[in-house]
Number of protein chains: 2
Amino acid sequence: MNLDDELLSVRAAELYYDEDKTQDEIGVILGLTRWKVGRLLASAKQRGFIRIEIVHPRARRLGLERALVERFGLADAVVVPVGDAVAESEVVERVASAAADHLTALRPVPRTLAISWGRTLLAVANALGDGWAAGVNIVQMNGGVSVNRRSGTAAATAIEIARKSGGGATLLPSPAILERLETKLSIESDRTVAGILDLAAGADTYLYSAGAATASSAHIESGYLDVDDMDELIRRGAVGDVVGRYIDADGMIVDPALDARTVGLPLDRLRSARRAIAVISGVDKVPVAHAIVTSGLCTALVTDEAMANALLGLPEVPLPHTARTRTAI
Amino acid sequence: MNLDDELLSVRAAELYYDEDKTQDEIGVILGLTRWKVGRLLASAKQRGFIRIEIVHPRARRLGLERALVERFGLADAVVVPVGDAVAESEVVERVASAAADHLTALRPVPRTLAISWGRTLLAVANALGDGWAAGVNIVQMNGGVSVNRRSGTAAATAIEIARKSGGGATLLPSPAILERLETKLSIESDRTVAGILDLAAGADTYLYSAGAATASSAHIESGYLDVDDMDELIRRGAVGDVVGRYIDADGMIVDPALDARTVGLPLDRLRSARRAIAVISGVDKVPVAHAIVTSGLCTALVTDEAMANALLGLPEVPLPHTARTRTAI
DNA sequence: GGCCGATCTGCTCGGATGAGCACAGCGGGG
DNA sequence: CCCCGCTGTGCTCATCCGAGCAGATCGGCC
């Protein structure tokens, strides 16, 4: 395949894709047979000269989804594209929107859905449409902030999701982390709390996000941990938290003592769940997302393209000509 | 066409373009007939959800070319795409390369080619392939720098183009602009110079670029004009220079006195030429390019996509969703 | 010079696709 | 209540296009 053919490929591609000519017409224009034109187009496609992009907020990246499912043994994956022009803040919205779609399309329809809380989950709640399902019981699976600057975020998330399905919300009335083990044990043995945790443990579907182990964690913001605690966690290998529990790169609890003071469902319940949907986006959460998918904490992952590429160990934006220099084809 | 169909379009497009499924298969997956799928794909294309880009240094934008030919009554236009990732400096190279292609494909093959000089033309000279034509006589059509920091650029351009066609170069041994009118008249009446200008006037093809009327003009760099002269020219409506002569937005000479001291072919010779090829790129040259195409100074324009869009009065990067807000479809 | 394998070219054939048409559902107006 | 135009759907048919095959061409090697 010499240079001349390369130029012809490009000319043919222009006529075919930009000008909507038929291969036969292109053959006449360029003085070639239509089969030659077909072969040129095939080679142009194969060599990556032709890039087809689907420009839509709801578009997905099916190839990456399949790769994730394959690589990490998931039941399902949803990957939303992030074009150059998509702002960081908008990515969360789009991932949340995709998660809402995914929830809406779940079959069988969930009867009891256990959820965590946070910025991402609130976005999912907002993105869900009225009547996304019928009469789903929403139950919180971990303790949360009761009073902070965005007071009631956790509760609002659960209530919103429940309202939109015409079902009820069961809130877990407990702090996320308690100072003393005894307090935690006694709260957990309280009939109300125990009942709620039982309900959560019996859920058929789990939906949660994850937090990165950084100084901007919601746990620090809410005062459950301070910066020194976080540094210590990081020093011991923490990559982030899942429903309030800090894990390392292998998905193991980093600090058993801290974990014992954390109110909520144990992680093994997620691992044994038939359906556990993790909704995670943002580069700072790559390590925790990796820990989640490799340690079986979720059956489905909803995320963004950059995350998917990172998880699969690929360069973030595989442009054809940069790809050549990076991967030495 | 409601929102539901819009989402289906996107899903269908993903399966069709990213996953290489057949429309029939997509029909099965989405629970639609193959005809419905076909219609969805057509609407997705029509609504701009599907963007097909040809990623290649030699690619062109045929649609814009046709629009330019149509709008400005040109015989030919060549527009090279500028993707997001193409650096400003590379654009000139690509335009030059396209100009070289265009020259090589000219029929009938030029016998005498009159050229100007400058950064762009030098790039064209370098981009030309050996044997791009056979025995073309190259002749300079305007005076140029003889000694400046890049000494001999003007001469090198002509010589290079000539060498690659196996023809000869005829240089115009004169400054671009003279201080006194008498000097200019006497130089022009010199037998050698007059002969060269006659030769240029008899060329069958003209090739030139243009300069913007800015402080970084080659005329200032070479000392023919100073910044005050330029300010005065701009004040009087100058948009740039064509073969050394400053014109306004209507293509008229801005300063007849200055023009009288400028050595080279008069612009009307370009207007009456059978083939005059202008090679222009860069946003700062939009005004001068516009003056050129509207006042009939060229029969063919070789330029970049941003320039073409500017000339046609379009937004620079017509993304589907921004286009909606800007042009109110 | 002549043989041979590799590559390229042009073709047949069947699947994929788009244009155009007939019909169903729907809503408004008489 | 019925008629009628409009939109959306499923189908027929002609066209387009890609897979696969036989002959042509070319370069390497003896």
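In what follows, chains are A, B, ... by sequence order, proteins preceding strands, each numbered from 1.
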Enquirer: Round to a whole Å and report the spacing from CZ of B:Arg34 to P of D:dC16.
Expert: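 Whole-Å distance recorded here is 16 Å.
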
Enquirer: Whole angstrom is fine here: how far is it from NZ in B:Lys36 over to P in D:dC11?
Expert: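 So the NZ-P distance, B:Lys36 to D:dC11, works out to 15 Å.
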
Enquirer: Give the rounded distance in Å between these two atoms: CG of B:Leu41 and C1' of C:dA16.
Expert: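 Nearest whole value for this atom pair: 12 Å.
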
Enquirer: Please determine, for the side chain of A:Trp35, which listed nucleotide (C:dT9, D:dG18, D:dT12) has the closest atom?
Expert: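 The answer is D:dG18, which lies nearest to the side chain.
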
Enquirer: Could you give the CG-to-P distance, from A:Leu40 to C:dC8, as a whole number of Å?
Expert: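 The distance from CG of A:Leu40 to P of C:dC8 comes to 12 Å, rounded to the nearest Å.
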
Enquirer: Starting from C1' on D:dG10, measure out to CG on B:Leu32 and report it in whole angstrom.
Expert: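 Between C1' of D:dG10 and CG of B:Leu32: 13 Å.
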
Enquirer: Does the side chain of B:Val79 reach to within under 4.5 Å of the side chain of B:Arg60, using non-hydrogen atoms?
Expert: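 No; the side chains remain at least 4.5 Å from each other.
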
Enquirer: Return the value, rounded to whole Å, for the distance between atom NZ of B:Lys21 and atom P of C:dG15.
Expert: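 Those two atoms, NZ and P, are 19 Å apart.
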
Enquirer: Measure CG/A:Asp20 against P/C:dT17 and give the value in whole Å, please.
Expert: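 Taking atom P of C:dT17 as the reference, CG of A:Asp20 is at 16 Å.
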
Enquirer: Report yes if at least one side-chain N or O of A:Gln23 is closer than 4.0 Å to OP1 or OP2 of D:dT15; otherwise report no.
Expert: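 Negative; the distance criterion is not met.
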
Enquirer: Would you say A:Asp18 and B:Arg61 make side-chain contact, with heavy atoms under 4.5 Å?
Expert: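 With C-beta onward as the side chain, the pair touches.
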
Enquirer: Ignoring hydrogens and angles, answer whether the base of C:dG18 and the side-chain atoms of B:Arg39 contain a donor-acceptor pair closer than 3.5 Å.
Expert: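 Answer is no: no donor-acceptor pair is held.
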
Enquirer: Less than 4.0 angstrom from a charged side-chain N to a carboxylate O is my criterion; do A:Asp304 and A:Arg94 meet it?
Expert: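 Salt bridge: no.
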
Enquirer: Should A:Thr33 be listed as having a side-chain N or O under 4.0 Å from OP1 or OP2 of C:dC11?
Expert: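 Checking C:dC11 against A:Thr33, no side-chain N or O comes under 4.0 Å of OP1 or OP2.
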
Enquirer: Using a 4.5 Å cut-off on heavy atoms from C-beta on, say whether the side chain of B:Arg47 contacts that of B:Ser9.
Expert: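 A side-chain contact exists here, since the closest heavy-atom pair is under 4.5 Å.
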
Enquirer: I need the CD1-P distance between B:Ile26 and C:dG18, as an integer number of Å.
Expert: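 One finds 11 Å between P of C:dG18 and CD1 of B:Ile26, rounded.
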
Enquirer: Compare the minimum distances between each of D:dC13, D:dC16, D:dG18 and the side chain of A:Thr22, then state the nucleotide with the smallest one.
Expert: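 Of the candidates, D:dC16 comes closest.
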
Enquirer: Considering just the side-chain nitrogens and oxygens of A:Tyr16, establish if one lies under 4.0 Å of OP1 or OP2 belonging to D:dC17.
Expert: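 For D:dC17, OP1 or OP2 has a side-chain N or O of A:Tyr16 closer than 4.0 Å.
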
Enquirer: May I ask you to test the B:Leu41-B:Tyr16 pair for a side-chain heavy-atom distance under 4.5 Å?
Expert: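 With C-beta onward as the side chain, the pair touches.
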
